[in-house]
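Excluded from the calculations below are hydrogen atoms, water molecules and symmetry mates; all remaining heavy atoms, backbone and side chain alike, are included. Whatever order the structure lists ligands and atoms in, that order sets their numbers, starting from 1.
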Amino acid sequence: MEVFEFSEKIKSAAEAAMHKCKGQFAELDRLCEYNGQRVLKAFIDNRVSEIHLKGTTGYGYDDEGRDKLDKVFAQVLGAEDALVRHNFVNGTHALTTALFGVLRPKDTLLSVTGMPYDTMQEVILGENCGSMRDFGVNFSMIPLLSDGMPNYAEIARRSPEAKLAYIQRSRGYSLRPSFDISTISKIIQAIRSSNRDCVIMVDNCYGELVEDKEPTAVGADLIVGSLIKNLGGGIAETGGYIAGRSELIEQCSYRLTCPGAGKEVGCSLNQLRGVYMGIFHAPEAVCAALKTSVFATAFFEQLGFETFPKYNEKRTDIIAALKLGSPEKLIAFCEGIQSGSPIDSFVSPEPWDMPGYDSKVIMAAGAFTMGASIELSADAPLREPYAVWLQGGLTFPTGKTGIMLAAQRMSEKGLL
Ligand SMILES: *Cc1c(COP(=O)(O)O)cnc(C)c1O
């Protein structure tokens with residue numbers, strides 16, 4: 001039974017990869033069931049009912065669906081409270097709101113896991129754009145060690161200067177390891193060994209529901225992410241969340257809306273049903289994305305490429321980087337992913353000069369939600385080491401097929 005025609009080489013590599021992935025997939029199925037039950041329990045415990053799926057307009061006073069949604073997210077994320085809003089335009093905006101919510105002039109923001117994600121650098125250090133620096137917040141950073149791991153001794157030594165310590169869980173556009181919950185726990189212990197009071201915030205993007213708990217379970221005060229990644233389950237149309245300690249969530253809400261009004265305002269329009277359905281579906285969508293990622297790394301290793309992480313390494317996010325080694329291969333790979341997308345399969349991605357990058361970037365995304373990276377997507381800066389960052393896959397069968405089509409395109413161009 002074949003719908004797409006793959007070369008023998010690709011078919012046999014895929015079969016070998018599937019064989020290698022069996023153990024991982026069984027573990028992922030268990031994770032999916034456990035997290036699925038946790039999500040279901042949060043709906044039941046909070047007595048979600050049909051009325052909560054309908055939104056409000058105008059000021060949004062007494063928006064029970066919005067307030068209930070915050071509680072459901074808080075329970076799933078192991079937090080006292082949460083701020084879940086479609087008004088967060090992306091993950092960067094939610095992270096920005098949390099930083100400005102908590103920090104004041106002369107405070108120090110200490111990033112303990114190297115330089116934050118690309119878009120956060122402008123937020124923190126930009127000039128004359130209303131950045132943290134413009135408002136007099138100091139920034140300080142502890143580089144990662146040469147093996148990409150945190151420098152615990154230096155973290156303990158320098159934490160006393162921090163009002164807020166910042167941890168980034170996922171690798172971003174680097175080849176460093178993503179930090180799993182047990183590593184985050186060690187980082188937090190190092191911070192707490194010399195500073196009992198600072199706020200510990202985790203950029204949790206791409207990490208939600210990949211393990212059986214979140215950084216809040218090991219002492220993070222605030223965790224932040226996007227709804228067009230994991231927790232939106234591929235259904236939320238836009239938005240982001242901040243979750244953590246109640247008094248901090250309140251401060252963040254004053255920054256998101258206005259001091260005084262905070263969480264009590266902000267209408268939910270017609271967005272609630274999608275966000276409720278999104279988090280309900282998220283354990284399954286994250287599991288499909290993880291299987292796609294595990295398959296992609298096993299399959300490309302089979303084809304002779306280096307991958308980060310390796311297929312059998314423990315995951316803490318849905319990202320995989322494949323070191324393809326040449327610009328031609330990157331382009332062919334992204335063309336193949338695009339050709340296997342449900343939306344815009346017929347367009348051909350081209351490298352372009354993306355703002356904030358010193359080299360051209362090529363991206364493949366044919367998603368139901370613009371830019372949603374819980375859906376199968378790939379992007380690659382055209383520079384050494386010519387690696388592509390790959391994430392998402394709403395269903396495993398379509399994710400796997402997308403990956404095989406990427407290899408098929410490379411093969412057709414004589415690059416495999
Ligand atoms: C995706 C991501 C963000 C936020 O990016 P947006 O495109 O603004 O949603 C922040 N940090 C990391 C590590 C990310 O992967």
Side-chain angles (χ1 to χ4, degrees), residues 83-100 109 111-126 129 131-132 141 144 148 150 166-181 183-184 187 201-210 214-215 220 222-234 236-243 256 275 278 282 285-286 289-290 293 308-309 315-321 354-357 361 363 365 367 369-381 387-392:
L83 192 58
V84 185
R85 294 294 181 277
H86 71 267
N87 316 73
F88 286 125
V89 301
N90 54 23
T92 305
H93 183 205
L95 287 159
T96 302
T97 304
L99 290 177
F100 276 96
L109 158 56
S111 173
V112 299
T113 48
M115 253 344 239
Y117 189 70
D118 305 61
T119 56
M120 292 309 294
Q121 296 178 17
E122 186 76 3
V123 171
I124 296 166
L125 294 169
C129 57
S131 67
M132 305 238 72
M141 186 266 289
L144 297 170
Y166 188 94
I167 298 168
Q168 184 182 306
R169 178 173 177 179
S170 184
R171 69 181 72 237
Y173 293 107
S174 85
L175 297 180
R176 64 112 156 140
S178 296
F179 300 133
D180 64 7
I181 300 294
T183 304
I184 290 174
I187 297 173
M201 169 170 155
V202 178
D203 172 351
N204 206 30
C205 282
Y206 288 129
E208 300 91 354
L209 302 177
V210 175
E214 299 298 327
L222 281 178
I223 61 176
V224 185
S226 162
L227 295 189
I228 63 170
K229 295 181 179 174
N230 301 16
L231 278 188
E237 291 178 301
T238 181
Y241 76 88
I242 305 174
L256 172 66
V275 182
V286 168
L290 282 167
S293 178
F308 303 86
R315 307 277 163 146
T316 193
D317 64 15
I318 62 170
I319 312 284
M354 200 170 113
Y357 286 84
V361 176
M363 297 185 161
T369 298
M370 270 177 73
S373 42
I374 184 67
E375 303 187 46
L376 184 65
S377 48
D379 29 69
V388 62
W389 278 262
L390 177 77
Q391 64 273 316

Check against side-chain contact (heavy atoms from CB on, under 4.5 Å), Met363 and Met354: CA-CA 10 Å; Met363 297 185 161; Met354 200 170 113; 3.3 Å; yes

When you measure from atom 3 (C) of ligand 1 to each heavy atom in Lys229, His93, Met120, which option holds the nearest one? Lys229

How far is atom 11 (N) of ligand 1 from its nearest protein heavy atom, and which residue and atom is that? Asp203 OD2, 2.5 Å

Closest non-hydrogen protein atom to atom 9 (O) of ligand 1, residue and atom name please, with distance? Gly91 N, 2.8 Å

Ile181, Asp203, Ile223, Asp317 screened by side-chain contact (heavy atoms from CB on, under 4.5 Å) with Arg169, the one that passes: Ile181

Would atom 7 (O) of ligand 1 count as contacted, meaning some protein heavy atom under 4.0 Å? no

Output, in order, the C-alpha distance, side-chain angles, deciding distance and verdict of side-chain contact (heavy atoms from CB on, under 4.5 Å) for Leu209 and Asn230. CA-CA 7 Å; Leu209 302 177; Asn230 301 16; 5.7 Å; no

Worked check of side-chain contact (heavy atoms from CB on, under 4.5 Å) between Trp389 and Arg171: CA-CA 10 Å; Trp389 278 262; Arg171 69 181 72 237; 3.9 Å; yes

Main-chain N/O of Thr369 paired to Glu237 side chain as donor or acceptor, under 3.5 Å: no

Logged contact type for Thr92 with ligand 1, heavy-atom cut-off 4.0 Å, is both

For ligand 1, is any non-hydrogen atom under 4.0 Å from Leu95's backbone (N, CA, C, O), its side chain (CB onward), both, or neither? side chain

Check the pair Val202 / Phe179 against side-chain contact (heavy atoms from CB on, under 4.5 Å), numbers first and verdict last. CA-CA 11 Å; Val202 178; Phe179 300 133; over 6 Å; no

Using a 4.0 Å cutoff against the non-hydrogen atoms of [X], which atoms of ligand 1 qualify?
X: Tyr206; result: 1 (C), 15 (O)
X: Asn90; result: 6 (P), 8 (O), 9 (O)
X: Gln168; result: 13 (C)

Assign the ring pair Tyr173 / Tyr117 to parallel, tilted or perpendicular, where the plane angle (0 to 90°) is split at 30° and 60°. parallel

